[in-house]
Amino acid sequence: MKILVVGSGGREHALTWKLAQSDLVSEIVCAPGNPGMAKHAELAAVAAEDVESLVPLANDMNADLVVVGPEAPLVLGLADQLRARDIPVFGPSSDAARIEGSKSWANDIMNRYGIPCPESRTFNDAATAIEYIESCPPGGIVVKADGLAAGKGVTVPETATEAIEAVTDALERRAFGEAGETIVIEERLSGPELSVFAFVDGETVSTPVAARDYKRAYDGDIGANTGGMGAYTSPKLCSPLDLDNIRSTILEPVASALIAEGCPYQGVLYAGLMVTDKGPQVIEFNCRFGDPECEPLMLRLDSDLAEICLAVAEGRLFETPVAWNDTCAVGVVIVSSAYPAAYETGFPIRSDLPDEDDAIVFHAGTSNDDEGQLATAGGRVLVATASSPKSVKEARTKAFEIAEGIEFEGARYRSDIAVGAN
Ligand code: AMP
Ligand code: GLY
């Protein structure tokens, strides 16, 4: 089978690494890919958002399957265009990707189909939103840009003044462009957060798996929100009973709702949950794997990823095994100096990067310089990932040992990823 993988980050490297282990796979092309992915695939210089060029690329290489990593091309309709040409694709249509692309649409679906989520209201006009904020208890709400805002669209304000600032930023100063023309004001929930992932082929929802990510830039969960500084997954993070419950009260109802709405969901569904004293509630859906959650998760997937992705694309998930093993896995992201604030790139990476089944460094933001030397090319640069059959602690120790050995100017990582986790 010939596969085109779309994307260039740590998530796509992890997916490519796993796909390359399949006996079904004869060739992988990555667009645009990265030097880590080049070990398993040919790279094509086409950007992940360049839908108009990705479709002919898939066609010309006679792709048997296209696996889409990031959300942007899905929201732009890449999967629709591929399906229209009978090219099997792992990733939802643009209509189904609204589950991530429009928070107001996702909330409306959840409310109409009885899926547990915080109360919410949608606004297009600042004056009405501010009037509403003034009627809410301080610290009781969350303000969200409706559309894709590169992980920056959510404010959790402590005071009405901060909430009004967030509303004015989005609706009047257009801080998020079109993505913030509509905002959602949500009831603020409290409790531990959990990311839950399941493959969905329209109707069938696979056995889910849980992970936890670390969004803030610095130890102790302080500093700005980032794309993710690390993640871990373990069988104890969420019991099989709780995962079953999440499947039957959240994931299956969403899959059925999207069929009823005329936009069946095909891909991996990512539910961002808050486990409240009333049970798990959905604070966001994403239409793709989380990054960096995907990196440790791929070390726990015992089944054949290529077989799963093709079964999702062809609606045959009911007959396809999806097994997550009982190991624990941790991913530590090594970032460029002040990331997510301004940083420089182009620094040589002087390290041997391990590449084993239970200890591997995935590339997130790297490139080869003119002399062919590996260099930094982004904020999130590498993801030191390790697993252990024994404990999170052992997996974490291994991941940090790898992280310590990685050298480039300004290299930095959080030292508390998965600390205290089981
Ligand atoms: P997101 O960008 O959607 O991942 O949201 C960023 C963070 O905002 C989440 O990880 C939560 O910590 C927080 N958040 C989002 N929605 C809520 C909510 N309804 N109540 C409390 N915290 C929330
Ligand atoms: N790790 C969070 C995300 O991928 O959205």
Side-chain angles (χ1 to χ4, degrees), residues 7 9-12 14-15 69-72 74-75 97 99-104 106-107 110-111 115-122 136-137 139-158 162-163 166 170 176 179-180 183-197 210-217 221-233 267-278 280-297 331-333 335 340 362 364 379-380 383 385 414 417:
R11 167 182 49 209
E12 290 78 23
L15 293 172
E71 64 280 13
L74 295 167
V75 171
I99 202 81
E100 170 165 5
S102 168
K103 293 192 191 292
S104 58
N107 284 349
M110 287 191 277
N111 286 322
I115 295 155
C117 65
E119 272 183 42
S120 67
R121 302 235 339 229
T122 299
C136 295
I141 54 165
V142 177
V143 180
K144 300 184 172 183
D146 185 59
L148 296 182
K152 298 191 176 73
V154 176
T155 309
V156 185
E158 294 304 333
E162 276 177 59
F176 308 111
I183 57 155
V184 171
I185 299 185
E186 232 170 63
E187 170 198 2
R188 179 166 166 184
L189 303 175
S190 58
E193 286 180 46
L194 200 61
S195 306
V196 172
F197 301 87
R212 179 161 287 154
D213 73 338
Y214 293 73
K215 291 200 174 79
R216 301 288 185 141
D221 266 339
I222 56 174
N225 254 324
T226 69
M229 296 292 292
Y232 77 92
T233 170
V268 60
L269 182 63
Y270 164 169
L273 306 176
M274 207 163 244
V275 185
T276 70
D277 47 18
K278 285 192 237 144
Q281 299 204 40
V282 179
I283 56 173
E284 63 169 348
F285 277 118
N286 294 310
C287 63
R288 47 162 177 96
F289 269 112
D291 193 353
E293 292 99 317
C294 184
E295 289 86 319
L297 282 172
V332 175
V333 184
V335 303
F362 293 115
R380 294 193 287 173
V383 187
T385 312
R414 267 181 73 159
I417 304 303

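A quick note: this is a predicted structure, and the numbers were derived from the prediction, not measured. Counting starts at 1 for both ligands and their atoms, following the listed order.
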N-O pairing of Glu186 and Lys144 below 4.0 Å: yes
N/O of Glu284 under 3.5 Å from N/O of ligand 2, yes or no? no
If you measure every N/O of Asp291 against every N/O of ligand 2, is any gap under 3.5 Å? yes
What pairs with Arg188 under side chain to side chain contact (heavy atoms under 4.5 Å, CB included), at least two apart in sequence or on another chain? Val142, Val156, Glu158
Closest contact, heavy atoms only, Ile417 versus Ala231: CG2-N, 3.8 Å
For Pro292 and Glu295, which heavy atoms make the closest approach, and how far apart are they? O-OE1, 2.8 Å
Does only the side chain of Tyr270 get under 4.0 Å from ligand 2, or the backbone, or both, or neither? Count heavy atoms. side chain
Near ligand 1 (heavy atom, under 4.0 angstrom), the protein residues are Lys103, Pro118, Val142, Lys144, Val154, Val156, Glu186, Glu187, Arg188, Leu189, Glu193, Lys215, Met274, Ile283, Glu284
Quick note on ligand 2: atoms under 4.0 Å from a heavy atom of Gly290 include exactly 4 (O)
Minimum heavy-atom distance Val333-Gly228, with the two atoms named: CG2-O, 3.6 Å
Provide the closest heavy-atom pair for Phe285 versus Ala271 in the form atom of the first, atom of the second, distance. CE2-CB, 3.7 Å
Would Glu293 and Tyr232 count as having a side-chain donor-acceptor pair, cut-off 3.5 Å? no
Identify, by atom number and element, the atoms of ligand 2 in contact range of Asp213, meaning under 4.0 Å from any of its heavy atoms. 1 (N), 2 (C)
Could you tell me which non-hydrogen atom of Pro192 sits nearest to which non-hydrogen atom of Arg212, and how far apart they are? CB-NH2, 3.7 Å
Ring centroid separation Phe197 to Phe289 under 6.0 Å: yes
Using a strict 4.0 Å cut-off to heavy atoms of Arg288, name the atoms of ligand 2 that fall inside it. 3 (C), 4 (O), 5 (O)
